[in-house]
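Reviewing the structure listed below.
The analysis underlying the following values was restricted to heavy atoms, covering all of them including side chains, and did not include hydrogens, waters or symmetry mates. In what follows, chains carry the letters A, B, and so on, assigned in the order in which the sequence lines appear, proteins first and then strands, with residues in each chain numbered from 1.
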Amino acid sequence: MKKVFALVDCNNFYASCERLFRPELNNQPIVVLSNNDGCVIARSNEVKALGVKMGDPYFKLKDLLAKHHVHVFSSNYALYGDLSCRVMTILQQMEPEVEIYSIDEAFVSLPYTPGKLHTDYARSLKEKVRRCVGIPVAMGIGPTKTLAKVANRLAKKNAQYGGVFDITDSNQIDELLARCDVEDVWGIGRQSGRKLRMRGILTARDLRDADEVWIRKNLTVTGLRTVMELRGVSCLPLELAPPDKKSIVSSKSFGRPVSSLADMKEAVATYLSTAAEKLRSQGSAAGAIQVFISTNVFNVNQPQHTQSMMASLPQPSAYTPHLLKAAMHCLEGIFRSGYLYKKAGVMLTEIVSSGQQQINMFGPVSAEKPELMQAIDRINRKWGRQTVQIAAAGLAKPWKMVQAHTSPAYTTNWSELPIVNATS
DNA sequence: TCTGGGGTCCTAGGACCC
DNA sequence: TCTGGGGTCCTAGGACCC
């Protein structure tokens with residue numbers, strides 16, 4: 001049976017999450033900041049109208065935001081993750097084929113009905129999410145994922161569509177694509193956009209009609225796939241089960257610069273624990289680990305040092321103490337005193353499924369206690385992250401990130417539940 | 001003072017093999 | 001004097017996404 005793709009995308013997701021338990025903020029301007037309150041990562045429509053861009057540094061905007069009485073939030077991933085999960089669950093209850101594409105987007109496969117718009121059904125889905133979770137979504141429908149993305153943009157940008165647009169059998173498709181800038185096509189970023197513009201390819205329509213050979217040569221097969229998708233040839237199938245991660249990263253900027261090896265060791269140990277927990281949660285083990293550190297790249301007047309080092313493990317492991325030993329070895333190899341480090345991170349690679357680890361013929365047989373890791377992971381899942389942690393990760397964590405405007409974890413922490421007052 | 005974090009895919013080029 | 005051709009694997013880096 002022929003299918004169409006529907007892209008369900010939560011509107012201004014993080015901002016909408018913050019509003020959910022603060023209804024007085026509806027129609028009020030809101031921004032959500034990245035870790036360390038560094039830059040803007042979500043804006044309500046009112047803030048978009050002020051010209052604030054995604055990724056703008058907060059410190060440059062402070063005055064503007066204050067002047068317009070913008071409500072500022074630090075990111076609260078416990079809240080966003082939980083609400084995302086609720087939205088996705090509704091979609092999965094309604095439809096069998098759902099690909100969770102990101103925290104705020106999902107592709108849903110719908111049966112194709114020729115000559116008839118799929119908008120009525122899409123509207124009912126949208127309404128159901130609003131009623132059950134309270135998050136507004138927009139839906140774009142098309143014969144390929146890329147066209148569904150285009151349709152989603154149209155649904156959001158044109159109020160008259162009521163948040164749903166179906167481009168599948170549109171007889172105005174040329175006109176619609178001609179109104180879409182080429183950089184706004186999914187998969188075309190700044191660099192490719194520049195190349196295309198130099199070639200006179202300015203819109204989604206130009207791209208659809210572009211020369212395949214030139215595209216293949218200049219934008220590689222990924223670019224060619226985008227062109228085919230714009231022509232209605234589906235090249236990107238729905239991925240129902242998320243594949244295991246091939247690499248797992250945990251990295252963060254520091255709340256204040258780190259200059260001592262002792263502090264840096266604590267930070268790296270903390271990030272390592274996070275990465276190792278993710279590794280175990282997908283039932284994998286890592287064959288190699290990479291540690292990287294860097295000073296503040298924006299501060300050009302300060303001595304810079306950026307370095308990374310990789311180490312192979314004697315055999316793939318998901319056992320935190322063994323991973324930690326390798327991580328510390330790397331860190332000691334690259335750390336230089338006399339620098340103000342701003343960021344560090346850990347990457348686990350060469351990931352294999354725990355069941356199929358190669359045993360090292362020559363190395364020492366290592367004593368791992370998987371039961372200990374399981375117990376720690378269970379406790380931390382139940383009682384919150386870092387309830388139990390390795391001692392190397394430290395307690396005071398003077399370098400930890402700054403979050404000055406965090407809302408409560410309304411839905412995931414008993415002590416932060418919203419309180420409703422009834423009046424007679 | 002103050003600029004996020006976590007991923008994937010693709011290609012070019014070097015090393016190495018027969 | 002004359003120095004092939006084809007293949008694989010690995011890595012670093014670029015580009016893109018949200």
Show me the pairs that pass salt bridge (Lys or Arg N to Asp or Glu O under 4.0 Å) and involve residues 338-351 of chain A, at least two apart or across chains. none
Classify the nucleic acid contact of A:Arg190 as base, sugar-phosphate or nothing, counting any heavy atom under 4.0 Å across all strands shown. sugar-phosphate
Quick one: how far along DNA chain B does chain A reach, first to last nucleotide 5' to 3', anything under 4.0 Å to a heavy atom? B:dC2 to B:dT11
Return a table of donor-acceptor pairs under 3.5 angstrom between the side chains of residues 233-254 of chain A and protein atoms on other chains or two or more places apart.
from: A:Ser250; atom 1: OG; to: A:Tyr271; atom 2: O; distance (Å): 3.4

When we call it a touch if two heavy atoms are under 4.0 Å apart, what does A:Ile188 touch: a base, just sugar-phosphate, or nothing? sugar-phosphate
Counting the atoms with a prime plus P, OP1 and OP2 as sugar-phosphate, which does A:Tyr58 contact under 4.0 Å by heavy atoms, base, sugar-phosphate, or nothing? nothing
Partner set under side chain to side chain donor-acceptor pair (under 3.5 Å) for A:Arg194, not counting sequence neighbours: A:Gln191
Counting any heavy atom closer than 4.0 Å, what does A:Val346 reach on the DNA or RNA strands: base, sugar-phosphate only, or nothing? nothing
Pairing residues for A:Phe21 by the side chain to side chain contact (heavy atoms under 4.5 Å, CB included) criterion, not counting sequence neighbours: A:Leu79, A:Tyr410, A:Thr411, A:Pro418
Starting from the 5' end of DNA chain B, give me the residue, A:Lys342 or A:Glu239, whose nearest nucleotide shows up first. A:Lys342
N/O donor-acceptor pairs under 3.5 Å from side chains in residues 127-139 of chain A, not counting sequence neighbours:
from: A:Glu127; atom 1: OE1; to: A:Arg130; atom 2: NE; distance (Å): 3.2
from: A:Glu127; atom 1: OE2; to: A:Arg130; atom 2: NH2; distance (Å): 3.0

Touch check for A:Lys278, heavy atoms < 4.0 angstrom, all strands: base, sugar-phosphate only, or nothing? sugar-phosphate
Under the side chain to side chain contact (heavy atoms under 4.5 Å, CB included) test, which residues partner A:Ser259, sequence neighbours left out? A:Leu340
Can you name the side chain to side chain contact (heavy atoms under 4.5 Å, CB included) partners of A:Gln160, sequence neighbours left out? A:Asn158
Residues two or more places apart in sequence or in another chain: which of them pass side chain to side chain contact (heavy atoms under 4.5 Å, CB included) with A:Ala106? A:Met88, A:Leu91, A:Val98
Once Watson-Crick and G-U wobble pairs under 3.5 Å are found, how is DNA chain C written in dot-bracket notation, 5' to 3', with | for any base paired to another strand? ....||||||||||||||
Are A:Lys3 and A:Tyr112 in a cation-pi contact, defined as NZ or CZ under 6.0 Å from the six-membered ring centre and within 45° of the axis? no
Using a 4.0 Å heavy-atom cut-off across all strands, classify A:Asp56 as base, sugar-phosphate, or nothing. nothing
In residues 244-251 of chain A, which residues come under 4.0 Å of DNA chain B by heavy atom? A:Lys245, A:Lys246, A:Ser247, A:Ile248, A:Val249, A:Ser250, A:Ser251
DNA chain B: A:Thr220 or A:Cys39, which has the more 5' nearest nucleotide? A:Cys39
Between the side chains of A:Ser16 and A:Asn11, is a donor N or O closer than 3.5 angstrom to an acceptor N or O? no
Can you sort out which residues in residues 191-207 of chain A have a heavy atom within less than 4.0 Å of DNA chain C? Ascending by number, please. A:Gln191, A:Ser192
With a 4.0 Å cut-off, would you call A:Arg179 and A:Glu175 a salt bridge? yes
Between A:Asp174 and A:Arg208, is there a side-chain N and carboxylate O pair less than 4.0 Å apart? yes
Is it true that, when you exclude A:Lys325 itself, more than 12 heavy atoms of the residues, nucleotides or ligands shown sit nearer than 6.0 Å to its NZ? no
